[in-house]
2 protein chains.
Amino acid sequence: MENVRELFQVMTRRFGLLNKNCCSIDGVDISLVQSHILYEIDKREYPSMQQVAEVLGMDITTFSRQIQNLVKKGLVKKTPLPEDRRVYTLSLTNEGKFIATTIDREIRQYLEEVFSHMTEFEKETVIRSIKLLNECMGKSSVCCKPLF
Amino acid sequence: MENVRELFQVMTRRFGLLNKNCCSIDGVDISLVQSHILYEIDKREYPSMQQVAEVLGMDITTFSRQIQNLVKKGLVKKTPLPEDRRVYTLSLTNEGKFIATTIDREIRQYLEEVFSHMTEFEKETVIRSIKLLNECMGKSSVCCKPLF
DNA sequence: AATGATTATTTGCAAATCGCAAATAATATA
DNA sequence: TATATTATTTGCGATTTGCAAATAATCATT
């Protein structure tokens with residue numbers, strides 16, 4: 001049987017490097033964590049600080065400061081929630097959306113290229129496998145549950 | 001069709017969190033990068049600094065300092081290579097091996113638990129899928145090749 | 001063998017990141 | 001109204017990062 005952990009380690013490290021390399025867009029440089037933050041904000045509808053920080057497994061204080069940086073860069077907007085003014089709601093500015101979209105396109109292109117080395121059947125099998133894996137990871141009681 | 005990038009993002013983030021949570025063993029705390037370094041040294045036969053740094057996509061100077069920390073902690077040994085004394089050869093001490101092994105066991109246990117939510121057939125399909133994916137990522141010309 | 005070019009690793013340094021503890025500000029509860 | 005709880009921010013010190021430059025060993029050329 002395969003060394004499963006090794007397979008995971010290589011795969012996730014490769015994907016991590018890809019993300020890292022995709023962080024320089026049009027003269028705007030953002031860090032890897034900032035890229036993840038933009039991604040999560042883009043994906044959700046006006047999430048709160050806590051929500052995003054938790055999904056990313058980041059300490060809320062570190063997250064708070066990263067958001068401050070992204071606001072300074074003009075990529076993220078913070079809006080107080082009217083019905084509970086303790087919470088701030090996050091959204092992307094147009095520039096932030098542009099950056100997030102560009103990163104997304106690059107990563108998808110890479111994945112397409114990777115899949116181009118497979119048959120259509122293999123590709124579908126792989127994608128279904130990852131989906132199943134995510135579902136089962138979500139069911140696991142051991143670790144890292146919040147994420148989705 | 002599924003949002004493939006999203007699937008990858010969730011999966012790799014979960015696995016990343018798992019690694020992060022596995023870094024405290026028996027009173028010895030190591031950081032996530034340090035855990036990756038131990039893993040790679042353990043996997044190889046007396047690799048050089050450069051080799052490991054490159055595989056991990058780390059700046060060599062950052063890597064050098066991390067190795068110094070691990071040596072101070074008594075987890076890693078640096079030996080100059082007799083035939084070329086510029087290069088240092090890395091290996092784990094007994095304590096380092098113990099830490100690496102313990103981390104490995106924990107991660108494997110988690111993965112086993114995840115797979116326990118699948119049929120044997122699904123499990124094998126998923127593992128074969130990840131293997132295929134790694135092979136195709138290795139073939140890709142776009143990004144992140146060195147890794148393996 | 002002497003010189004300069006190349007290679008592996010380390011240090012100086014300044015910036016970025018991190019996370020705990022404490023502060024602030026708003027809401028919920030009694 | 002007083003108190004507890006919750007979301008976010010700030011103080012602070014420790015750690016991590018990566019570029020440029022230093023060091024140290026080997027290689028290439030003469």
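Given the structure is predicted, the values throughout are model-derived calculations rather than measurements.
An OP1 or OP2 oxygen of dT10(D) is reached within less than 4.0 angstrom by a side-chain nitrogen or oxygen of Q68(A). Neither OP1 nor OP2 of dT17(C) sits under 4.0 Å from any side-chain N or O of T62(A). Between S31(A) and dT17(C) there is a side-chain N or O to OP1 or OP2 distance below 4.0 Å. The shortest distance between the side-chain N/O atoms of Q66(A) and the OP1/OP2 oxygens of dC18(C) is below 4.0 Å.
Residue whose closest nucleotide on DNA chain C sits further toward the 5' end, between E83(A) and Q34(A): Q34(A).
Applying the ring pair (Phe, Tyr, Trp, His ring centres under 6.0 Å) test between F8(B) and each of F15(A), Y110(A), Y39(A) identifies F15(A) as the sole match.
Straight-line distance from the CG atom of D59(B) to the P atom of dA8(C): 15 Å, rounded to whole Å. Atom pair L81(A):CG and dT8(D):C1' shows a separation of 13 Å (rounding to whole Å applied). Rounded to an integer number of Å, the gap from CE of M58(B) to P of dT10(C) is 13 Å. The CD atom of Q50(B) sits 6 Å away from the C1' atom of dA8(C) (whole-angstrom rounding). The interatomic distance linking R85(B) (CZ) with dA24(D) (P) rounds to 12 Å, in whole Å. If you measure from atom NZ of K72(A) to atom P of dT17(C), you get 11 Å, rounded to the nearest angstrom. Atoms CD1 (I60(A)) and C1' (dT24(C)) sit 15 Å apart, rounded to a whole Å. One interatomic measurement links the two molecules: CG of D84(B) to P of dT7(C), which rounds to 12 Å at whole-angstrom precision.
Across dT9(C), dC13(C), dT8(D), the shortest atom-to-atom separation from the side chain of V87(B) is found for dT9(C). You'll find that the side chain of V33(A) is closest to dC18(C), out of dT16(D), dC18(C), dT9(C). The side chain of S64(B) has dT11(C) as its nearest neighbour among dT10(D), dT9(D), dT11(C).
Under the 3.5 Å distance criterion, the side-chain polar atoms of Q51(A) are matched with a main-chain donor or acceptor of S48(A).
Of all heavy-atom pairs spanning V28(B) and E95(B), the tightest one is CG2-OE2, 3.7 Å.
Taking a 6.0 Å sphere around NZ of K73(B), one finds it holds more than 12 heavy atoms contributed by other residues, nucleotides or ligands. Enclosure of atom CG in D29(B) by more than 12 non-hydrogen atoms of other residues, nucleotides or ligands within 6.0 angstrom is indicated.
Counting distance only, with no hydrogens placed and no angle test, the side-chain atoms of T61(A) and the base atoms of dC18(C) include no donor-acceptor pair under 3.5 Å. One can find a donor-acceptor pair under 3.5 Å joining the base of dT7(C) and the side-chain atoms of R86(B).
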